Each structure stands twice: as C-alpha cells, then as structure tokens.
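Take a look at the structure set out below.
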Amino acid sequence: AEAVLMEVLRHCAGVCDQWKQALDYIEGMLRAQLIAAIGKEVSPADFAQYMRFHNTKLFVDAFAPSPFCYAVRRSDKHSPEGTVSLEEEVVGPGGDSNIAAPIVTLAAQAKKPQPMEFSLSASVRVRFNGERHLHAWLSHQFSGQAGAKLSLVSRARQFSSMLVLVGRIASATVFEPKYAAIVQNKDELTIPLDLSTIPTAQEFKDAIEALSPEQQAFAKAFRSMQLESTLFGVLVIQIKPQLEKVLNLPDNSLTKEIKLTQDLMQLFIQYQIPSDLLSFDPSAAAAAIEDPTDDAASVSDAFEVVGNSAASAAAAPAAAKAPSALEAVRGHTRAMLKMIDEAKKDELDGRRREAQYEVQTERLELYEDRSSSLRSDLEKKKKQGAPPQRRAMGRGGPSMPMPMMMSACAAPGGPPPPCPPPPQQQQQQQ
C-alpha cells in the first residue's frame, strides 16, 4: 500500500510538472507573438509613453495632464525670471531617448488660496500668498525593472534671480521647508528626488493582523504620520518684488535697474548688510521737503549722501526737496560699496605692511646670526694666539648684509678725496 501511494504521488508530481511546462510554453508563445506584433519588448518607459498618448484621447483639454514646467514671472507683462520643472530620466531600455524631460501630471489650481506660512527660525515666521497648484503623478514600474529618476530642476536667466524652497506640506496653512537655494544669473540647480512607496491600506491591514494590540496601535500611529508627511512641496519666491518692499520702493522700480539690483544682491548675500542701511526713508524725505531753511552746505552734504556727483551740487537745493526713492537707494548703495572698497584697501595695506615687517625681521635675525658667528670665530682665534684676519668682501668672500653708513668724504661738484683708512690699516702702514 505504501509503495502504491508513493507511486501515485510521484505520478501527480510529474503531471503537475508537465502542466507547468505546458503553461510556460503557451505563455512564451503568446509573449513571442505579442512582441512580434508590436515590434519591440515593452518597457516601463514605453508604457508611460502609451499612457500619455491614451490620456490625450481620454481627457478634454481643460483636464488633460500637462508637463510639470512653469515659467517664473511677475506678470504677463514681464519676461520670465527662470523656470522650475520636475524632470524624469529613463533608466534602462525603452523610451524615445534618455534625455531628461518634464513629467506629465494632473494639476489643479486654487482659485482663492488662503495664506500659508513657514518659519525661518524659532521667532520668525513668513506669510506668503500667490498661485498654488496641486499635482498628481502616476509612475509606471514593472517588477524587476527600475523606473525613472526624478529631479527638481531650477534654471535662472541672465540678470534674474529667485529663491527656491523644497520641503513638505504639513497642513493647509503650514509649509515646512527643508532646503533652500538662491538661483541667479544663468544658474541651474538640480536636486535628485528619491521616491519611496508605502503599503496600501489592505497590505498594511494584512501585515499587522498577527501583531499584538500595542504593536498595532504603534504601527497605525506611525502610518498616520507617514500619510501626513508624503505631500512634497516646492515654493518659489521672486527676489525683485521682495527687494522693492524691503527698500520702500515703488512697484517695478528694479525691473530695468540691472546694475543696482546686482549691487544690492551682492551687499545682502555676500556682505550681509542690514536692509535699514540701504532702504528709502519716506519720513526723512518729507522732513527735507517741509524744512527748506537749511544752509547750502548742509543741503550739498545731504545731496552727496544721496549719491550725486559734485558737479551737480549747484542743483542740490532743488533736488533735495523731493528726492526720489530710487535715487536715494542708489546713493546709499554707492556709499556702502565705496566704504567696503576703502575697507578692502586698508586691509590690503595692513597685510602688505605686515609682510614687509616680517621680511625685515627675518633679514635682521639673519644678520645677527652671522654677526654672532663672526664674533665667535674671532674670539676662538684670539684664544689660540693667531692674529685676526679680515675677511675680504669681494667676489670670493661671503655675502653678508651689513649696515651701510654715509660718509662725508665726497665734496659736491668735484672728485671724491681719498677717505682716511680704517684705524687697523693705519697701524699696519706705520
């Protein structure tokens, strides 16, 4: 009976193996026929391309997916400051090419967005408004094949600048930035994005079914935190409008002021100059208009502070009555840059003097060392009883820097008379 049972089981195993091989053969034949019909093996990139083609026929133009690429501009009348895009690069075979291209997302724009805020420090919070877009992206992956690489790319045009903040949306009114960068003057900022998937609701329920009640509660709390922090956010802030607000300038004042904008960016970013030292003070301008009894000297001094040349000092009383905000900021900027240049020159002169002092100190130490060595040699020869010998200072002698003394032997307008010999030579001649 046992032998019969073993033979039956062996036969069942063989039948199952043959059934598996038959199914594999049928699937392989169908796969080969499908590849022959399509002309290529479909990859995730090819499937994503097909879905983009299918969505153009499925959605109307108002709701069709669009590339994630936005031009950063102040208004329709202004040229773009740059672009912000989410680009994907195909990994592996498939697709038209491996050149990075913007992803296609489903987007929704808020008609009346409520203000949001983010914190710069523990005591400073920034409130912002503006356009707000919500995007949804469907990623296509096959088992055993890698998907596409995502990256956030920000590009700025020449003489343009913007601030890019990357973080997550904590709530409907709170944005939590993690990283920030200033993109300006043809910069290109590329930030790779590493995506991770979380289990679905059914997978999570099956996974925690065998856990204890305490572990299930912890897993559910942790999953709720994951779900709340999965919304990725990008905030773009234009710098020129914010500079105009900080410096008390009218709107569009810095649109064509390229040199002034670049100088202000340098002072704020590189030298960390407070904005109060460069901003326009309307109260001071109003006081200058109401009090025209100042003498010409004080008016000309104030006019020079504003930054005009000395040749225009004659027109200072008329111009000081109503100084423009832009000219005031330009004058403060010039004065600050001039002060920084003077500080640089003073620092450079100080470094040069320090270097000269160090060189002179080294020469003096070298001279003292050689003088001490000569004295020690003379003392040794005196102790040995040998007459002292003068070392020749010609070409064959040692080159030692010695202090030079001016002699009054030469008479002006004639040949120099013979100078008296040293005392040692006079004794030898006698």
Side-chain angles (χ1 to χ4, degrees), residues 35 38-73 80-110 131-157 160 162-169 175-183 186-200 203 226-227 229-237:
I35 292 175
I38 296 176
K40 61 184 299 186
E41 185 175 354
V42 179
S43 64
D46 297 328
F47 189 77
Q49 184 179 0
Y50 165 74
M51 290 303 300
R52 286 194 293 269
F53 168 76
H54 179 68
N55 290 334
T56 57
K57 297 184 176 182
L58 182 62
F59 296 95
V60 296
D61 295 339
F63 301 96
S66 59
F68 190 102
C69 183
Y70 290 90
V72 180
R73 66 172 68 201
E81 300 282 335
T83 58
V84 176
S85 60
L86 269 177
E87 299 181 356
E88 62 175 345
E89 183 180 355
V90 177
V91 178
D96 295 336
S97 63
N98 291 334
I99 301 176
I103 63 175
V104 179
T105 61
L106 293 170
Q109 183 178 0
E131 298 181 3
R132 202 162 305 164
H133 303 268
L134 180 63
H135 298 268
W137 176 57
L138 182 60
S139 177
H140 304 281
Q141 295 183 2
F142 294 165
S143 60
Q145 296 185 11
K149 290 183 178 179
L150 283 184
S151 58
L152 177 65
V153 182
S154 302
R155 299 180 179 91
R157 294 189 174 185
S160 301
M162 57 184 176
L163 181 63
V164 180
L165 293 87
V166 179
R168 68 183 186 91
I169 306 297
F175 173 67
E176 295 182 355
K178 298 296 182 182
Y179 306 97
I182 296 177
V183 186
K186 299 177 68 174
D187 288 344
E188 181 173 343
L189 175 65
T190 302
I191 303 176
L193 302 179
D194 187 12
L195 304 180
S196 60
T197 58
I198 60 176
T200 62
E203 292 176 349
Q226 288 180 333
L227 293 176
S229 61
T230 55
L231 190 56
F232 177 71
V234 179
L235 176 62
V236 180
I237 300 176

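Because the structure is predicted, anything quoted here is derived from the model rather than measured.
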- Message: Under 4.0 Å between a side-chain nitrogen and a carboxylate oxygen: does that hold for Glu89 and Lys149?
- Response: no
- Atom CG in Leu193, atom CG in Leu86: separation rounded to 0.5 Å? 6.0 Å
- Item | Nearest-0.5 Å distance that lies between atom CG in Leu58 and atom OG1 in Thr56 | 9.0 Å
- Which heavy-atom pair separates Val90 from Ala45 by the least distance, and what is that distance? CG1-CB, 3.7 Å
- Item | Minimum-distance pair of heavy atoms, taken over all atoms of Ala156 and Val183 | CB-CG1, 3.6 Å
- Do His140 and Met51 touch side chain to side chain, with heavy atoms closer than 4.5 Å? yes
- For the student: nearest non-hydrogen atoms of Pro80 and Ser160, plus distance: O-OG, 4.5 Å
- When rounded to the nearest 0.5 angstrom, what is the spacing between CD in Gln49 and NE2 in His54? 15.0 Å
- Item | Minimum heavy-atom distance Ser154-Val84, with the two atoms named | OG-CG2, 4.1 Å
- Query: Taking the side chain as C-beta and beyond, is there a heavy-atom pair between Phe175 and Ile169 under 4.5 Å?
  - Reply: yes
- Message: Taking CD in Glu131 as the centre, count heavy atoms belonging to other residues, nucleotides or ligands within less than 6.0 Å. Is the count above 12?
- Response: no
- Item | Spatial distance of atom CD (Glu203) from atom CD1 (Ile198) [nearest 0.5 Å] | 10.5 Å
- Item | CA sep, side-chain torsions, deciding dist, call: Val234, Leu165, side-chain contact (heavy atoms from CB on, under 4.5 Å) | CA-CA 6 Å; Val234 179; Leu165 293 87; over 6 Å; no
- Counting heavy atoms not belonging to Tyr50, are there more than 12 under 6.0 Å from its OH? no
- Message: Which heavy atom of Ala181 sits nearest to which heavy atom of Leu189, and what is that distance?
- Response: CB-CD2, 3.7 Å
- Message: In the structure I gave you, are the side-chain heavy atoms of Lys40 and Ile35 within less than 4.5 Å of one another anywhere?
- Response: no
- Between Pro65 and Phe59, what is the shortest heavy-atom contact and its length? CD-CD1, 3.8 Å
- Query: Can we say Glu87 and Arg155 salt-bridge, meaning some charged N sits less than 4.0 Å from an Asp/Glu carboxylate O?
  - Reply: yes
- Message: With a 6.0 Å cut-off on the ring centroids, do His135 and Tyr70 count as close?
- Response: yes
- Item | side-chain contact (heavy atoms from CB on, under 4.5 Å) evaluation trace for Leu106 with Leu134 | CA-CA 8 Å; Leu106 293 170; Leu134 180 63; over 6 Å; no
- When rounded to the nearest 0.5 Å, the distance separating CD1 of Ile103 from CG of Leu138 is 11.0 Å
- Can you name the side chain to side chain donor-acceptor pair (under 3.5 Å) partners of Glu88, sequence neighbours left out? none
- Test side-chain contact (heavy atoms from CB on, under 4.5 Å) on Phe68 and Trp137 and set out the steps. CA-CA 10 Å; Phe68 190 102; Trp137 176 57; over 6 Å; no
- Inter-residue atom distance Gln141.CD - Leu195.CG, 0.5 Å rounding: 8.5 Å
- Report the C-alpha separation of Val72 and Thr83 in whole Å, then their side-chain angles, then the decisive distance to 0.1 Å, and conclude whether the side-chain contact (heavy atoms from CB on, under 4.5 Å) test is met. CA-CA 6 Å; Val72 180; Thr83 58; over 6 Å; no
